[in-house]
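Here's the structure, in structure tokens; my notes come after.
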Amino acid sequence: MITLLDYGAGNVRSVINAIEKLGEKVKIAADIDDILSAEKLVFPGVGNFGSMMRILNEKNYVNPLKDYLRSDRPFLGICLGLQALFGKSEEAFAAEGFGFIPGVVKRFDIDLSVPHIGWNGINIKKASRLFNGLSGDEKFYFVHSFYVVPEDESVVLTSTNYGLEFVSSVQKGNIVATQFHPEKSGDAGINILKNFVESNTEKKIPIRVSGETRLAKRFVACLDVRTNDRGDLVVTKGDQYDVREKGEVRNLGKPVELAERYYQEGADEITFLNITGFRDFPLEDIPMMEILKLTSRNVFVPLTIGGGIRDYTDKNGKKYTALEVAAEYFRSGADKISIGSDAVLIAEAYLRAGEKTGKSSIEQISEIYGAQAVVISIDPRRVYVTSSDEVSHQVIETESPGPNGEKYCWYQCTIKGGREGRDMDAITLAQVCEKLGAGEILLNCIDKDGTNSGYDIELINAVKNAVTIPVIASSGAGCAEHFYDVFSKTEAESALAAGIFHRKEVPIPAVKDYLNGKVEIRLLKNK
Ligand code: 1PR
């Protein structure tokens with residue numbers, strides 16, 4: 001029996017699903033006794049070091065956890081569950097960790113995007129039963145802005161390279177902890193969990209121990225979801241955001257089935273966008289929650305969900321906050337949430353006020369769940385102008401002139417699924433949202449959406465050069481070469497596609513085959 005510590009933040013459902021997938025029973029610790037009597041304890045932590053330690057202290061769990069660690073019974077800490085083993089963290093100077101492993105938690109200070117989000121490798125430093133069945137060149141899923149620095153090198157199990165070499169897992173007796181998320185790292189991650197759950201495995205050092213690891217470029221499969229006219233929830237796909245064909249909503253398949261297919265085919269992340277979220281209200285939108293719960297049972301890569309995340313008053317006048325909506329999504333299996341229309345309104349309010357209020361959904365959700373859990377989905381369209389000072393927006397000079405030969409354009413943000421243009425440009429929106437605590441930009445492009453004509457490289461470069469957080473390039477992929485283009489002509493960390501996967505024009509394995517050896521990517525083991 002595995003005892004799991006759920007202190008209320010983040011997506012523990014995926015850890016439970018992964019361990020149950022291994023045929024093991026999971027019990028969620030309900031009180032101090034459950035911790036002290038645990039045979040094996042798993043501590044998944046997502047979010048913010050300060051709020052984690054505050055909640056653990058409020059529940060009087062800190063001392064029982066310290067006692068458990070001192071008893072040297074099997075323990076697996078994940079992400080913040082690793083950082084909690086240390087003393088001080090730069091994320092919350094006032095907070096005190098368990099101090100079980102002497103050392104500190106530092107923030108990445110590198111000239112790469114922070115948070116470190118994506119699939120990276122591990123340099124194995126010592127033998128461990130955790131590595132049974134691994135060949136050593138697997139990649140694992142990381143999503144963090146801070147890393148641990150132990151005083152005693154002997155506890156270091158693995159390191160990983162991202163601007164610097166940092167400790168990505170530790171082991172002290174039966175106490176192991178990883179910065180990466182095994183429950184979100186596909187088969188390689190399930191393997192690590194299996195080795196933790198099964199205690200009769202001997203120590204191993206895999207055959208292929210790499211010297212330097214590299215962050216892979218990420219492939220995101222996106223499922224635009226809405227109800228069709230008969231009320232069925234379907235995966236649809238727009239053509240420049242128009243999802244109707246002969247008046248009918250295009251139906252490209254069932255969300256859960258498609259998500260599982262893309263996972264099996266090697267997608268590094270799956271994104272669900274509830275494209276009529278601006279109309280509906282997620283907490284009443286049970287089918288969308290069900291999709292997430294069902295998908296997270298069999299899909300062990302990160303899940304992002306977007307659509308309708310905003311403060312809301314229901315028909316009975318009951319008020320809900322965006323934070324409550326996000327919390328329900330995280331509890332249902334999401335790792336990240338994506339905010340679309342509301343982000344534009346929040347940025348407009350910020351620019352009017354000229355200062356942060358701490359009240360926006362971006363600020364509140366990133367405060368509790370961490371910046372890495374907040375994605376901003378931008379829906380811009382090009383507006384051509386004859387000169388760069390014709391408008392007060394951030395304008396770029398373009399290689400593809402406008403209908404009247406205009407050499408300049410700006411990218412107008414829209415809300416409500418492209419239905420309403422706003423007096424805001426996409427570059428400014430991305431910059432403001434980063435300031436407010438967002439951790440990643442999903443950069444769509446209405447002009448390119450569903451056209452198979454390739455990504456808008458100019459837009460992606462303009463936004464990527466304006467922010468320090470990761471950017472997901474989206475809209476327009478029509479062939480494997482388009483992925484090579486975006487990864488060779490921009491610094492985008494990820495590339496998202498939808499139509500070509502739904503219409504089976506270019507399956508994910510074919511894209512990865514084409515890019516293998518050209519770009520650092522995550523390959524499935526049977527490759
Ligand atoms: O505004 O917070 O309620 O969120 C609504 C979400 O739904 C936003 O993330 C918005 O991008 C999305 N959305 C709204 N309407 C549409 C539509 O298509 N009518 N889809 C829509 C956005 C863009 C991409 C698409 C890529 C790749 N779709 O996600 O998947 O363009 O497509 P391709 O590879 O086929 O070219 P809120």
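All ligand and atom numbering here is 1-based and tracks the order in the structure. Just so you know, these numbers come straight off a predicted model, no measurement behind them.
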Based purely on interatomic distance, does [X] place a nitrogen or oxygen under 3.5 Å from a nitrogen or oxygen of ligand 1?
{"X": "Asp379", "answer": "yes"}
{"X": "Lys448", "answer": "no"}
{"X": "Ala498", "answer": "yes"}
{"X": "Arg419", "answer": "no"}
{"X": "Gly340", "answer": "yes"}
{"X": "Gly476", "answer": "yes"}
{"X": "Ser341", "answer": "yes"}
{"X": "Thr451", "answer": "no"}

Task: Distance in Å, Ile305 CD1 paired with Asn274 CG, rounded so as to fall on 0.5 Å steps - done: 7.0 Å
[X] and [Y] aromatic centres sub-6.0 Å:
{"X": "Tyr141", "Y": "Phe180", "value": "no"}
{"X": "Phe108", "Y": "His144", "value": "yes"}
{"X": "Phe219", "Y": "Phe483", "value": "yes"}
{"X": "Tyr384", "Y": "Tyr408", "value": "no"}

For [atom], what is the nearest protein heavy atom, given as residue, atom name and distance?
{"atom": "atom 28 (N) of ligand 1", "result": "Asp224 OD2, 3.3 Å"}
{"atom": "atom 14 (C) of ligand 1", "result": "Gly417 CA, 3.4 Å"}
{"atom": "atom 4 (O) of ligand 1", "result": "Gly307 CA, 3.4 Å"}
{"atom": "atom 20 (N) of ligand 1", "result": "Ile275 CG2, 3.6 Å"}
{"atom": "atom 24 (C) of ligand 1", "result": "Asn444 OD1, 3.4 Å"}

Open item on the list: Whether Lys318 engages the ring of Tyr320 as a cation-pi pair (distance to the six-membered ring centre under 6.0 angstrom, angle to the ring normal within 45°) should be assessed.
Closed with: yes
TODO: Tell me, yes or no, whether the heavy-atom count around Asp229 atom CG, taken from other residues, nucleotides or ligands under 6.0 Å, exceeds 12.
DONE: yes
Task: Salt bridge Glu440-Lys336, side-chain N to carboxylate O under 4.0 Å - done: yes
- [ ] Would you mind checking if Asp447 and Arg381 are paired as a salt bridge, meaning a charged N to carboxylate O distance below 4.0 Å?
- [x] no
- [ ] Tell me which part of Arg310 gets within contact of ligand 1: side chain, backbone, both or neither, using heavy atoms under 4.0 Å.
- [x] neither
With a cut-off of 4.0 Å, which atoms of ligand 1 are near a heavy atom of [X]?
{"X": "Cys222", "value": "29 (O), 30 (O)"}
{"X": "Ser474", "value": "24 (C), 26 (C), 27 (C), 31 (O)"}
{"X": "Asp449", "value": "25 (C), 26 (C), 27 (C), 31 (O), 32 (O), 36 (O)"}
{"X": "Ala497", "value": "34 (O)"}
{"X": "Leu496", "value": "26 (C), 27 (C), 30 (O)"}
{"X": "Ser377", "value": "8 (C), 9 (O), 10 (C), 11 (O)"}
{"X": "Gly308", "value": "2 (O), 3 (O), 37 (P)"}
{"X": "Gly499", "value": "33 (P), 34 (O), 35 (O)"}

[X] heavy atom under 4.0 Å from ligand 1:
{"X": "Gly450", "result": "yes"}
{"X": "Asp342", "result": "no"}
{"X": "Gly418", "result": "no"}

TODO: Return yes if some donor-acceptor pair links the side-chain N/O of Asp379 with the main-chain N/O of Cys413 below 3.5 Å, else return no.
DONE: no
Task: Phe146 backbone acceptor or donor facing Glu91 side chain under 3.5 Å - done: no
TODO: Compare Tyr241, Tyr455, Phe501 and give the one whose heavy atom is closest to atom 17 (C) of ligand 1.
DONE: Tyr241
- [ ] Consider only side-chain N and O atoms of Asn404 and Glu406, and report whether a donor and an acceptor are under 3.5 Å apart.
- [x] yes
TODO: Kindly determine whether Asp456 and Arg382 satisfy salt bridge (Lys or Arg N to Asp or Glu O under 4.0 Å), including the steps that lead there.
DONE: CA-CA 10 Å; Asp456 187 325; Arg382 271 187 181 216; 3.2 Å; yes
Open item on the list: Exactly one of Arg218, Lys139, Lys512 should register a salt bridge (charged side-chain N to carboxylate O under 4.0 Å, His left out) with Asp268. Which one does?
Closed with: Lys512
Task: Side-chain heavy-atom pair Val299, Val256 within 4.5 angstrom cut-off - done: no
